Amino acid sequence: PSLFPWLGCSHRSSSICLRWEEEKKEDGVKWTQLEHRGPYFAPVYEPLPDDVRFYYDGKPLKLSLATEEIATFYAKMLDHEYTTKEIFQNNFFNDWRKEMTSDEQKIIKDLDKCDFREIHKYFVDKSEARKALSKEEKQKLKEEADKIQEEYGYCILDGHREKIGNFKTEPPGLFRGRGDHPKMGMLKKRIMPEDVVINCSKDSKIPEPPEGHKWKEVRFDNTVTWLASWTENIQNTLKYIMLNPSSKLKGEKDWQKYEVARRLKDVVHKIRAQYRIDWKSKEMKKRQRAVALYFIDKLALRAGNEKEEGETADTVGCCSLRVEHIRLHPQLDGQEHVVEFDFLGKDSIRYYNKVSVEKMVFKNLQLFMKNKDPSDDLFDRLNTSILNRHLQSLMDGLSAKVFRTYNASITLQEQLKALTNSEDNVAGKLLSYNRANRAVAILCNHQRSTPKTFEKSMQNLQAKVRQTKLRVPRPDLTSDLFLKKKKLLKRLEEQLAKLNVQATDKEENKQIALGTSKLNYLDPRISIAWCKKFGVPIEKIYNKTQREKFAWAIDMADEDFEF
DNA sequence: AGCTCAACTTAGAATCGTAATG
DNA sequence: CATTACGATTCTAAGTTGAGCT
């Protein structure tokens with residue numbers, strides 16, 4: 001039986017199977033029934049034992065409960081790099097002082113005189129103690145967590161029991177922005193039921209707020225998919241409780257995303273031809289649009305919205321590139337018309353690339369940069385809204401990010417075709433798969449910091465390779481002795497090959513994160529078709545969670561699937 | 001056209017749990 | 001059996017998009 005009966009077998013014969021689908025919803029309507037228990041709130045603050053003290057200017061100082069709680073947030077982070085940063089310290093201290101009693105404010109005036117070390121040690125010990133718990137005690141904790149998950153972790157959506165993605169409110173703490181964030185260290189306040197808006201269906205069992213509390217609001221909006229929301233106090237933006245990726249709602253949306261990208265495949269040649277023509281347009285605006293689109297298409301850059309200065313880290317995408325982010329080289333390393341990109345993108349991840357571009361693009365860039373300061377916008381006549389409006393006019397549903405999805409998926413398909421050798425064993429095929437995946441991750445600039453244990457674990461692996469090599473019997477033994485060892489030889493050679501593959505894969509993966517593209521950019525049907533075609537079990541490619549997320553694709557893709 | 005904002009997807013780091021190893 | 005290593009999972013920040021307003 002199908003995991004996704006509502007999908008029917010529409011990929012094979014949509015007209016016949018429509019009857020399996022649920023009642024078609026009106027435009028914008030996301031559900032007809034939604035019932036849940038509301039968010040699970042972060043545990044209340046437990047005061048420190050009396051023997052764990054905070055010191056000011058060398059002397060112990062008993063803090064009020066609220067002040068102490070915020071002190072523990074800082075204390076817990078003491079050995080993190082964040083606490084060495086001046087902005088972090090200042091933001092923390094400002095916000096902390098705001099929550100102090102007036103007596104405390106009179107005393108605590110200098111963060112440098114605050115000694116959190118005893119509190120820090122208390123939490124380190126506590127976490128050690130947790131790790132050292134007996135099997136039974138750990139089991140008991142696990143059961144308690146499972147019970148909460150069971151009670152709050154699911155909702156009913158249109159008759160199906162669905163897993164919720166994030167059913168807990170975010171606990172209070174100190175804001176940890178990425179990169180050079182001006183708000184790092186600010187106090188993230190505790191979310192109370194009075195901050196929370198509940199969304200559910202009118203006729204469902206309305207969730208009860210915790211004893212003695214009220215919800216901010218209960219609404220019945222079936223045009224949105226969230227179950228609860230609140231406004232976060234750092235950036236003053238909304239946070240939502242939403243469904244898990246394994247849910248039908250998210251799955252269908254995911255499917256739809258890849259179908260849009262597949263439609264782009266049909267018109268991308270036309271679009272490319274058009275932007276080449278537009279490079280010569282007499283309208284500056286059109287030229288900028290055409291060059292930006294070329295970057296988005298060729299380099300898989302993000303759209304690049306404008307950001308409010310001073311509110312977030314200074315990062316850019318395509319439309320928000322500044323003159324200082326590129327350098328033009330008429331010649332470089334034997335190539336012509338080279339553009340050197342160097343900027344911080346999403347999450348302050350550096351994008352560095354040297355690309356040889358078409359002559360017309362190069363000339364246009366020179367033109368766009370003429371008489372500008374380094375801090376001026378490269379595309380001063382363009383923004384994401386203009387670009388996306390244009391893209392929408394070229395194809396229904398087309399926006400800048402569709403190019404990332406399209407180029408990622410088509411690259412995976414092409415690379416799999418080029419790299420897979422049907423003669424290889426499963427390990428060899430998996431290396432090819434990972435390499436194809438890696439080509440996409442590199443295209444999308446999905447980086448990670450080299451794992452702390454990388455060098456060590458690489459050395460361990462190399463040592464293992466050496467050991468295995470030593471055990472391989474040598475043909476210089478007398479020939480019948482050698483023949484007897486043939487079986488062993490074969491086994492060891494296989495093992496050795498596998499280890500070498502592992503080592504290669506590991507090294508190539510040092511600073512590349514494969515997960516993001518796998519989860520968000522690669523049409524899962526490509527991978528599933530590949531698995532089926534080459535006899536690789538799907539579990540080798542997708543773990544349990546991933547198989548749940550991609551259930552829709554596992555259900556529909558056969559080995560002939562073409563993106 | 002430009003601005004603001006809600007709603008949603010995408011992202012790497014931190015933490016957790018378990019399998020491999022000694 | 002204890003420790004380590006690593007994949008899985010959780011967490012929540014940081015993007016994109018388009019609607020609605022002026």
Side-chain angles (χ1 to χ4, degrees), chain A residues 28 30 42 77 80-82 127 130-132 135 138 141-142 145 149 153 165-171 173 175-179 181 183-184 188 197 199 221 223-226 229 231-232 234-245 249-250 253-254 256-257 296 302-308 311-313 315-320 344-349 381 383-389 391-392 397-402 404-405 408 441 444-449 451-454 456-458 460-461 464 506 511-521 542-546 548:
Chain A
K30 308 286 170 58
M77 291 179 73
H80 199 287
E81 202 200 336
Y82 272 120
S127 113
R130 231 180 107 90
K131 276 181 213 151
K135 227 177 174 176
K138 276 183 182 165
L141 286 174
K142 174 89 168 38
Q149 165 78 39
N166 56 324
F167 61 90
K168 294 173 177 170
T169 62
E170 293 171 16
F175 177 75
R176 302 151 91 115
R178 305 273 173 89
H181 202 297
K183 298 195 172 186
M184 63 170 77
K188 227 177 87 159
V197 178
N199 191 36
D221 184 353
T223 69
V224 296
T225 66
W226 52 268
S229 70
T231 301
E232 149 280 332
I234 303 286
Q235 324 260 14
N236 210 244
T237 59
L238 283 159
K239 296 256 180 171
Y240 301 95
I241 290 194
M242 287 193 184
L243 292 174
N244 187 272
L249 201 72
K250 293 280 190 192
K253 195 78 192 297
D254 207 32
Q256 201 182 85
K257 174 181 78 184
I296 285 171
R302 295 185 186 83
N305 285 300
E306 292 133 290
K307 300 173 81 187
E308 210 174 333
E311 294 292 302
T312 58
T315 64
V316 298
C318 185
C319 294
S320 51
L344 297 182
K346 182 176 178 179
D347 293 322
S348 294
I349 297 290
R381 309 282 175 89
N383 60 41
T384 56
S385 158
I386 294 169
L387 179 66
N388 280 333
R389 204 169 337 110
L391 292 174
Q392 180 63 232
L398 188 61
S399 64
K401 84 188 184 87
V402 179
R404 255 167 99 80
T405 312
C444 294
N445 199 40
H446 290 143
Q447 298 188 30
R448 60 169 185 178
S449 37
K452 284 185 194 96
T453 52
F454 183 87
K456 205 180 150 199
S457 74
M458 194 68 204
N460 288 345
L461 196 54
K464 230 163 141 184
K506 197 184 182 82
Q511 296 178 63
I512 310 288
L514 300 185
T516 301
S517 52
K518 203 170 180 178
L519 233 49
N520 300 300
Y521 288 104
Y542 293 133
N543 67 32
K544 186 169 141 285
T545 312
Q546 293 165 338
E548 281 166 8

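Chain letters run A, B, ... following the sequence lines, proteins first, then strands; residues in each count from 1. These figures come from a predicted structure and were not determined experimentally.
Side-chain atoms of A:Lys307 and A:Thr315 form a donor-acceptor pair, as typed in the model, at a separation below 3.5 Å. A donor atom on one side chain and an acceptor atom on the other are found under 3.5 Å apart for A:Glu232 and A:Thr237.
Within 4.0 Å of A:Lys138, counting heavy atoms only, lies no atom of the nucleic acid at all. If you check every strand for non-hydrogen atoms under 4.0 Å, A:Ile386 touches nothing. Heavy atoms of A:Arg404 sit under 4.0 angstrom from primed sugar atoms or phosphate atoms, though from no base atom.
By the 4.5 Å heavy-atom criterion applied to side chains, A:Leu243 and A:Thr225 are not counted as neighbours.
Residues passing the ring-ring contact (aromatic ring centres under 6.0 Å, His included) test with A:Tyr521 are A:His446, sequence neighbours excluded. The side-chain contact (heavy atoms from CB on, under 4.5 Å) test applied to A:Cys318 returns A:Ala292, A:Phe295, A:Ile296, A:Leu301, A:Phe379, not counting sequence neighbours. A:Lys168 pairs by the side-chain contact (heavy atoms from CB on, under 4.5 Å) definition with A:Tyr40, not counting sequence neighbours. For A:Tyr542, the ring-ring contact (aromatic ring centres under 6.0 Å, His included) partners at least two apart in sequence or on another chain are A:Phe550.
Note: CG (A:Leu141) to C1' (B:dG17) measures 14 Å, nearest angstrom. Counting to the nearest Å, the C1' atom of B:dT10 and the CD atom of A:Gln447 are 16 Å from each other. Note: CH2 (A:Trp226) to P (B:dA7) measures 6 Å, nearest angstrom. Regarding A:Glu81, its CD atom lies at a distance of 13 Å from the C1' atom of B:dA13, rounded to whole Å. If you measure from atom CG of A:Leu519 to atom P of C:dT10, you get 13 Å, rounded to the nearest angstrom.
Nearer the 5' end of DNA chain B, as judged by each residue's closest nucleotide, is the contact made by A:Thr225, out of A:Ile349 and A:Thr225. When each of A:Ser385 and A:Asn445 is assigned the nucleotide of DNA chain B with its nearest heavy atom, A:Ser385 is the one assigned upstream, toward the 5' end.
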What nitrogen or oxygen pairs link the protein and nucleotides 19-22 of chain B at under 3.5 Å?
| residue | atom | partner | partner atom | Å |
| --- | --- | --- | --- | --- |
| B:dT21 | OP1 | A:Lys464 | NZ | 3.1 |

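In plain terms, the two heavy atoms of A:Ile234 and A:Lys183 that are nearest each other are O-NZ, 2.9 Å.
The phosphate of B:dA11 has OP1 or OP2 within less than 4.0 Å of a side-chain N or O from A:Tyr521.
Checking B:dC8, B:dT10, B:dA11 against every side-chain atom of A:His446, the shortest atom distance belongs to B:dA11.
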* **Nucleotide-resolved protein contact map, nucleotides 12-22 of chain C, B/S/- at heavy-atom distance under 4.0 Å** => SSBSBBS----

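For A:Lys30 (side chain) and A:Leu249 (main-chain N/O), no donor-acceptor pair under 3.5 Å exists by modelled atom type.
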